[in-house]
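Reviewing the structure listed below.
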Amino acid sequence: MYAFKIQGGNRLFGTVEINGAKNAILPIMAGALLTAEPVKLENISYLSDVKVLSQLLSSLGMKIQNETDSLTLRADDIVSTHADYEYVSKMRGSFWVLGPLLGRFHKAEVSLPGGCAIGTRPVDLYLMALREMGAEIKIENGYVCATGPLHGAEIFFPKVSVGATHNTVMAAVLTPGKTVIHNPALEPEVIDLLNMLVKMGADIKGIGTKTLIITGVEKLHGCKHKIIPDRIEAATFAIAGAMTRGRIFMKGARLNLMEAVADVLRVSHVEITQEQEGVLVDATHAKLTATPITTCEYPGFPTDVQSLMTSLLAIAEGDSVVEERIFENRFMHIPELQRMGAHVRNINGNTILITGVPELSGATVMSSDLRGGVGLVLAALVAKGQSIVKRIYHIDRGYYSLESKLSGLGAVIERIHLDD
Ligand code: EPZ
């Protein structure tokens with residue numbers, strides 16, 4: 001079992017490379033199932049989630065070639081449409097092979113992903129949409145067993161779901177007729193998938209609007225696609241820079257993907273600007289200030305940045321109310337933050353009150369999920385003394401070598417092996 005050992009107190013200065021967005025790579029890799037021709041993806045980061053999805057796709061017959069920071073996928077010999085529990089239980093994004101398998105091969109047997117630390121993570125919206133498109137769906141032994149063929153349909157999503165949008169679009173692009181999707185997710189990672197599908201020859205209108213119109217085509221061809229930068233990774237380093245009152249240039253980042261986060265940081269007098277090749281965060285004159293946060297769908301404040309921002313608010317002057325509107329259980333890092341001296345009160349299930357303190361103290365803490373774990377790392381960067389952040393396998397799912405990037409900016413952090 002590995003952990004991060006962190007000595008708090010250093011300000012962060014320098015340049016960090018922002019990798020391709022984890023939450024774009026995963027659906028886009030599944031999208032490569034829609035054609036027999038090669039799909040080359042650039043700006044890939046070798047996250048453990050990407051490795052798990054690669055294993056699943058290979059088990060279906062997908063050929064995958066790894067180059068330095070790119071992947072070439074070829075689904076010209078898919079031998080199975082069975083996505084096993086072994087993979088889907090490890091990484092819920094694997095569930096997104098359902099749409100493309102059903103759309104191209106008219107059948108799929110995909111393990112239900114199950115819940116996770118942050119919530120029950122139901123898939124009812126995915127199945128509602130596929131049923132509207134004519135899929136026969138049975139749930140047997142923990143698997144979604146779906147058969148086509150599918151037909152065009154008009155689909156109304158009662159709530160925004162990133163995954164249900166990905167899955168439905170990928171089911172529709174090869175489906176004869178017109179599929180209209182009302183209330184799709186607008187996250188940049190969804191737009192990135194849609195843009196790649198159009199490059200492959202898909203007929204999709206209304207990209208970036210609340211109504212997608214997809215007209216099925218006979219076949220899709222291969223393409224080359226560069227993954228958008230990871231706005232959540234960029235937000236992570238922007239908040240690290242703010243908390244340590246440093247200055248960080250985030251190479252490859254795009255400010256227009258993270259405006260809601262930038263607006264919150266500007267309340268704390270952090271300067272954040274788009275430069276030629278990336279985003280500059282200058283917090284050398286920052287005054288960390290209490291700010292109300294309500295997470296919501298894009299372009300609102302992202303739920304994935306909530307735990308990162310609570311660590312900043314824990315040392316900001318004043319009281320901040322943080323409301324988590326997307327997931328039902330996304331405050332699990334709070335008890336660990338309290339062990340570091342944070343003053344946090346739970347107002348009700350999805351709302352907390354944070355009263356800033358002048359200083360946190362280092363402690364041994366436990367990650368419970370990906371973004372909660374990174375929130376604890378950020379707190380440890382400013383805490384007095386040493387911290388040990390355990391169960392960092394959660395963090396490796398979404399960050400490629402976080403410790404080397406942070407130490408490259410001046411943080412004192414190392415990956416250590418714990419006996420237990
Ligand atoms: C994606 O998860 C991301 N994961 C999440 O990032 C992100 O937090 C989330 O979108 C919201 O932006 C990946 O892209 C791999 P949703 P997803 O479907 O698609 C409910 C991270 O840390 N819902 O938009 O699973 C659901 O329970 C991860 O990188 C239903 O009720 O999220 C949640 O409350 C964490 N029924 C809300 O909708 C459904 O059928 C939003 O979920 C589907 C979802």
**Item:** Residue pairs passing the salt bridge (charged side-chain N to carboxylate O under 4.0 Å, His left out) test where at least one lies in residues 110-135, sequence neighbours excluded
**Value:** none
**Residue pairs, two or more places apart or on separate chains, that pass salt bridge (charged side-chain N to carboxylate O under 4.0 Å, His left out) and touch residues 14-34** =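 Matches after skipping sequence neighbours: Lys22-Asp49.
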Between [X] and [Y], does any side-chain donor sit less than 3.5 Å from a side-chain acceptor?
X      : Y      : answer
Thr310 : His333 : yes
Asn19  : Lys405 : yes
Asp192 : His225 : yes
Thr355 : Asp319 : yes
Ser70  : Glu67  : yes
Thr303 : Glu324 : yes
Glu328 : Thr120 : yes

**Message:** Any salt bridge linking Glu154 with Lys178? Criterion: basic side-chain nitrogen under 4.0 Å from a carboxylate oxygen.
**Reply:**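 The answer is no: the pair does not qualify as a salt bridge.
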**Prompt:** Are Asp230 and Arg254 close enough for a salt bridge, meaning some N to O gap below 4.0 Å?
**Reply:** no
Should we count [atom1] of [X] as having more than 12 external heavy atoms under 6.0 Å?
X      : atom1 : value
Glu275 : CD    : yes
Lys226 : NZ    : no
Tyr298 : OH    : yes
Tyr2   : OH    : no
Arg92  : CZ    : yes
Arg345 : CZ    : no
Lys90  : NZ    : yes
Lys210 : NZ    : yes

**Prompt:** If you look only at pairs with a residue in residues 40-93, which of them pass as a ring-ring contact (aromatic ring centres under 6.0 Å, His included), with sequence neighbours excluded?
**Reply:**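 Residue pairs with at least one partner in residues 40-93: His82-Tyr143.
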Measure from the side-chain N and O atoms of [X] to the backbone N and O of [Y], and report whether any donor-acceptor pair falls under 3.5 Å.
X      : Y      : value
Asn43  : Ile227 : yes
Asn183 : Phe157 : yes
Thr35  : Glu37  : yes

**Message:** Within this structure, what is the CD-OG1 distance for the pair Glu323 and Thr351, rounded to the nearest 0.5 Å?
**Reply:** 4.5 Å
**Asked** Looking at CG of Leu127 and NZ of Lys138, how far apart are the two atoms once the value is rounded to the nearest 0.5 Å?
**Response**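 So the CG of Leu127 and the NZ of Lys138 are separated by 14.0 Å.
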Search all heavy atoms of [X] against all heavy atoms of [Y] and return the closest pair with its distance.
X      : Y      : value
Leu378 : Ser311 : CB-CB, 4.3 Å
Ala24  : Ile228 : CB-CG1, 4.1 Å
Ser111 : Phe95  : O-CD1, 3.3 Å

**Prompt:** Can you say whether the rings of His182 and Phe156 are parallel (under 30°), tilted (30 to 60°) or perpendicular (over 60°)?
**Reply:** parallel
